[in-house]
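Worksheet: one structure, shown below.
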Amino acid sequence: MGYNHYILVCGGTACESAKGNEIYDQLVAEAEKQGVKAEVQIVKTGCFGFCERGPIIKVLPEDSFYVDVTPEDAREIIAEHIVKGREVQRLLYKDDDHKKAVNAIEDIRFYQKQFRVVLRNCGAIDPESIDEYIAREGYSGLEKVLFEWPAEKLIEELKASGLRGRGGAGFPTWLKWDLARKAAGDVKYVICNADEGDPGAYMDRSTIEGDPHSVIEGMITAGKAIGSNHGFVYIRAEYPLAIERLKIALKQAQEYGLLGKNILGSGFDFEIEIRLGAGAFVCGEETALIKSVEGNRGMPVPKPPFPANKGLWQKPTIINNVETLANIPVITSKGGAWLSQLGTEKSKGTKVFALTGKVKHSGLVEVPMGTTLRDIVFEIGGGIKDGKKFKGVQTGGPSGGILTEKSLDLPIDFETLAANGSMMGSGGMIVMDEDDCVVDVARFYMDFCVDESCGKCSPCRIGTTQILHILEKIANGNGEESDLQKLEDIGKAMTKSSLCMLGGTAANPTLSTVKNFRDEYLEHIHDKKCRSGKCKNLLRFHIDPVKCSGCSVCAKKCPANCITVEDAAKYPDKKKPPYIIDQSACVKCGECLAVCKFGAVVKE
């Protein structure tokens with residue numbers, strides 16, 4: 001049955017948390033109420049990526065892009081757009097000048113420099129419909145793998161594509177698969193690492209929510225390549241929507257003969273199980289992940305042997321993250337040469353980033369490798385919020401470094417980021433402005449790593465704790481210049497000697513900030529000042545006696561009772577004497593600053 005219109009409603013976690021489900025239900029109800037149910041198909045999709053302006057809906061064939069939609073808007077959308085054929089102008093996305101409405105997604109600045117490979121179906125199909133996935137060339141590559149390509153040919157295509165692991169390490173995917181293919185053993189395993197734990201990262205979750213079949217197809221292909229008949233998706237339990245859609249997709253694939261025994265009559269068997277993780281960051285490391293799947297405590301083990309030779313239950317195992325596997329169907333359907341046209345010489349294809357922080361347009365971004373940080377932050381992201389000055393960008397989550405303005409024109413690829421003190425990581429990208437304190441940021445990430453360290457090896461267990469102690473010492477105004485050398489020495493020792501990459505990279509935020517923002521550390525140490533006002537113990541609130549009206553509001557609101565009236569004799573020209581803050585009793589709450597209507601309270 002044909003429809004005159006199609007309404008695509010964002011069904012990602014972010015939009016659903018902002019009443020996306022209610023919007024969908026209201027649209028369905030209004031279509032029936034207004035008598036156009038047979039003329040419009042309303043579909044719940046995955047994430048459109050432009051999370052800053054969600055909930056989002058897109059209406060076809062006009063390609064109308066509605067943002068900040070509420071359930072109350074459903075009646076007008078159906079009445080105006082569907083019944084009368086007129087776009088709802090007030091809901092259309094407007095450019096940064098808030099003047100011109102933009103009704104086509106390709107005209108929106110946020111999307112213009114993006115190129116979607118992994119996210120090709122997110123926001124375009126119903127993730128709970130295998131038919132819609134198949135209609136967009138889904139499982140067509142698997143057909144080649146099952147009936148036309150021997151394993152050697154598949155490995156050749158992977159090699160030609162230049163695809164490297166998107167989980168952070170950037171290991172060549174073809175080489176990992178080939179090692180497992182050649183490893184001795186009649187039982188082998190494929191694991192999808194969906195244990196995304198970086199603060200601010202949601203790339204893998206959104207991919208599964210919006211296009212679960214691409215990951216399933218990638219896993220089946222991997223199984224055929226290495227001779228495995230069993231796969232596991234290791235996904236954290238905090239992702240209920242992704243888990244639910246993955247379960248639906250697995251059931252559909254089973255019903256269509258794409259999973260289980262004798263897939264499509266090819267003689268190849270493959271099963272996939274879901275294993276839920278409890279949220280341990282260290283389980284993103286492949287050997288710790290394997291231990292968790294086996295039912296043991298997730299702790300890394302020394303390598304070699306590598307999982308490709310001895311992994312899950314001591315059998316050859318390949319582990320790829322969600323983004324890596326979502327690339328596989330594109331390679332098998334279009335060929336490795338197609339993907340290799342994108343990116344740089346050593347980093348092929350695209351990379352998905354979760355762009356967050358002090359940027360105007362946060363969201364899920366996919367760009368060709370080699371795209372500059374400037375393009376992502378200022379073109380796609382629209383620049384810094386509220387006219388603030390750019391300070392830095394954190395790539396790679398707790399394992400990455402903070403890059404400064406000097407790095408904005410660097411191409412984003414594995415080698416360039418590593419050479420400049422950061423790393424690709426799984427794809428978190430947090431933008432900072434002039435109001436962020438690098439000492440506070442480094443302390444936040446190290447506090448995270450202290451909590452997430454499994455404690456098995458001394459360099460990580462002791463090193464993270466000692467670095468956190470020193471950072472807290474500096475933030476509290478008790479730091480010494482010699483502490484900076486200690487931070488560097490401990491960080492470098494951890495990098496060289498930790499058992500896994502959690503400890504091996506945990507010092508990166510600290511090392512990069514000490515290198516790139518040394519003057520700010522020295523300011524904390526020598527001047528006892530935090531220019532951003534984030535280090536509470538270095539804050540100082542002062543009352544300007546000239547501006548103070550003597551109204552006493554600040555004193556009444558002060559929870560520490562540390563604001564008292566000055567001696568009137570000192571200010572004979574004022575009707576009421578000003579107030580003064582006892583710095584020794586001040587708890588730095590900022591209440592005085594918040595309530596003063598005369599601008600007399602100053603934060604120093």
Side-chain angles (χ1 to χ4, degrees), residues 118 139 141-142 144-146 149-152 154-155 157-158 161 163-167 169 171-196 204 207-208 212-235 246-247 249-250 253-254 258-264 266-277 283-294 305-332:
V118 172
Y139 292 111
L142 180 62
K144 293 181 187 178
V145 171
L146 292 175
W149 291 359
E152 293 81 3
L154 175 55
I155 298 296
E157 290 293 332
L158 272 181
S161 75
L163 179 66
R164 296 169 63 177
R166 297 299 195 251
F171 191 79
T173 304
W174 76 269
L175 183 55
K176 179 182 286 189
W177 287 23
D178 200 38
L179 290 170
R181 180 178 72 89
K182 294 175 179 176
D186 56 348
V187 175
K188 299 178 182 181
Y189 296 103
V190 173
I191 297 179
C192 169
N193 180 357
D195 190 60
E196 186 177 49
D204 290 351
T207 301
I208 293 178
H213 284 284
S214 66
V215 180
I216 294 171
E217 184 177 357
M219 292 184 69
I220 300 169
T221 303
K224 186 65 167 62
I226 72 169
S228 168
N229 302 116
H230 207 105
F232 293 91
V233 178
Y234 186 83
I235 182 169
L246 186 60
K247 287 179 178 178
L250 288 172
Q254 191 92 29
L258 294 161
L259 274 177
K261 300 291 184 181
N262 192 24
I263 295 175
L264 299 180
S266 66
F268 175 62
D269 305 335
F270 196 76
E271 301 280 355
I272 296 178
E273 292 183 41
I274 297 175
R275 292 292 172 90
L276 301 183
C283 286
E285 195 278 334
E286 59 183 7
T287 61
L289 186 155
I290 285 171
K291 289 297 180 185
S292 183
V293 173
E294 290 174 341
F306 293 94
N309 295 113
K310 285 188 177 181
L312 189 63
W313 293 299
Q314 300 299 301
K315 303 295 183 182
T317 304
I318 57 170
I319 303 174
N320 293 118
N321 84 323
V322 169
E323 186 178 344
T324 307
L325 291 165
N327 272 284
I328 301 302
V330 179
I331 294 171
T332 54

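Below, all heavy atoms of this structure are taken into account, side chains as well, without hydrogens, waters or symmetry copies.
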### Task
Kindly determine whether Leu312 and Ile319 satisfy side chain to side chain contact (heavy atoms under 4.5 Å, CB included), including the steps that lead there.
CA-CA 10 Å; Leu312 189 63; Ile319 303 174; over 6 Å; no
### Message
Applying side chain to side chain contact (heavy atoms under 4.5 Å, CB included) to Leu246 and Ile216, what does each step give before you reach the verdict?
### Response
CA-CA 9 Å; Leu246 186 60; Ile216 294 171; 4.3 Å; yes
### Message
Please evaluate residues Trp177 and Ile328 with respect to the criterion side chain to side chain contact (heavy atoms under 4.5 Å, CB included), reporting the C-alpha separation (whole Å), side-chain torsions for both, the decisive distance (0.1 Å), and the verdict.
### Response
CA-CA 12 Å; Trp177 287 23; Ile328 301 302; 3.8 Å; yes
### Message
Before you tell me yes or no, could you show the steps for Ile274 and Leu250 under side chain to side chain contact (heavy atoms under 4.5 Å, CB included), namely the whole-Å CA-CA distance, both residues' side-chain angles and the distance that decides it to 0.1 Å?
### Response
CA-CA 10 Å; Ile274 297 175; Leu250 288 172; 3.8 Å; yes
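Residues Met219 and Val233 form a side-chain contact, since some pair of their non-hydrogen atoms from C-beta on lies under 4.5 Å apart. Between Leu259 and Phe270 the shortest side-chain heavy-atom distance falls below 4.5 Å. In this structure, Asn320 and Lys176 have side chains that are in contact, with non-hydrogen atoms separated by less than 4.5 Å. In this structure the side chain of Ile191 never reaches within 4.5 angstrom of the side chain of Ile318, judged on heavy atoms. Contact check for Glu323 versus Val118: side-chain heavy atoms found under the 4.5 Å cut-off. Using a 4.5 Å heavy-atom threshold, the side chains of Ile290 and Glu294 count as touching.
Between the side chain of Lys188 and the backbone N or O of Ala180, at least one donor-acceptor pair lies under 3.5 Å. Not one N or O on the side chain of Ser214 forms a donor-acceptor pair closer than 3.5 Å with the backbone of Ala326. Side chain of Thr221 to main chain of Leu142: no donor-acceptor pair is present (N/O by atom type, distance under 3.5 Å, no hydrogens or angles). In this structure, the side chain of Ser292 does not engage the main chain of Leu289 through any donor-acceptor pair within 3.5 Å. The backbone N or O of Thr332 lies less than 3.5 Å from a partner atom in the side chain of Lys144, making a donor-acceptor pair.
Residues satisfying the side chain to side chain contact (heavy atoms under 4.5 Å, CB included) criterion with Asn309, sequence neighbours excluded, are Ala183. Under the salt bridge (Lys or Arg N to Asp or Glu O under 4.0 Å) criterion, Glu217 pairs with no residue at all, not counting sequence neighbours. For Arg275, the salt bridge (Lys or Arg N to Asp or Glu O under 4.0 Å) test picks out Glu273, with sequence neighbours left out. Checked against ring-ring contact (aromatic ring centres under 6.0 Å, His included), Tyr139 has the following partners two or more places apart in sequence or in another chain: Tyr133, His213. In terms of the side chain to side chain donor-acceptor pair (under 3.5 Å) criterion, Lys261 has no residue partners (sequence neighbours excluded). Listed by chain and number, the residues in a salt bridge (Lys or Arg N to Asp or Glu O under 4.0 Å) with Glu271 amount to none (sequence neighbours excluded).
Summarising the local packing, CG of Asn262 is surrounded by more than 12 heavy atoms from other residues, nucleotides or ligands at distances under 6.0 Å. Within 6.0 Å of atom NZ in Lys310, 12 or fewer heavy atoms from other residues, nucleotides or ligands are found, so the atom counts as exposed in its surroundings.
Ring orientation note: the planes of Phe232 and Tyr189 are tilted relative to one another, at an angle of 30° to 60°.
Remark: the Thr207 side chain and the Asp204 side chain contain no N/O donor-acceptor pair separated by less than 3.5 Å.
Taking all atoms of both residues into account, the shortest heavy-atom contact from Val322 to Cys192 is CG2-SG, 3.7 Å. Taking all atoms of both residues into account, the shortest heavy-atom contact from Val145 to Lys224 is CG1-CG, 3.6 Å. A pairwise comparison of heavy atoms in Ile208 and Ala194 identifies CD1-CB, 3.9 Å as the closest pair. Listed here is the closest heavy atom pair of Ala288 and Glu285: N-OE1, 2.9 Å. In plain terms, the two heavy atoms of Ala184 and Pro316 that are nearest each other are O-CG, 3.5 Å.
Across Val190, Leu154, Leu179, Ile155, a single residue satisfies side-chain contact (heavy atoms from CB on, under 4.5 Å) together with Ile226, and that is Val190.
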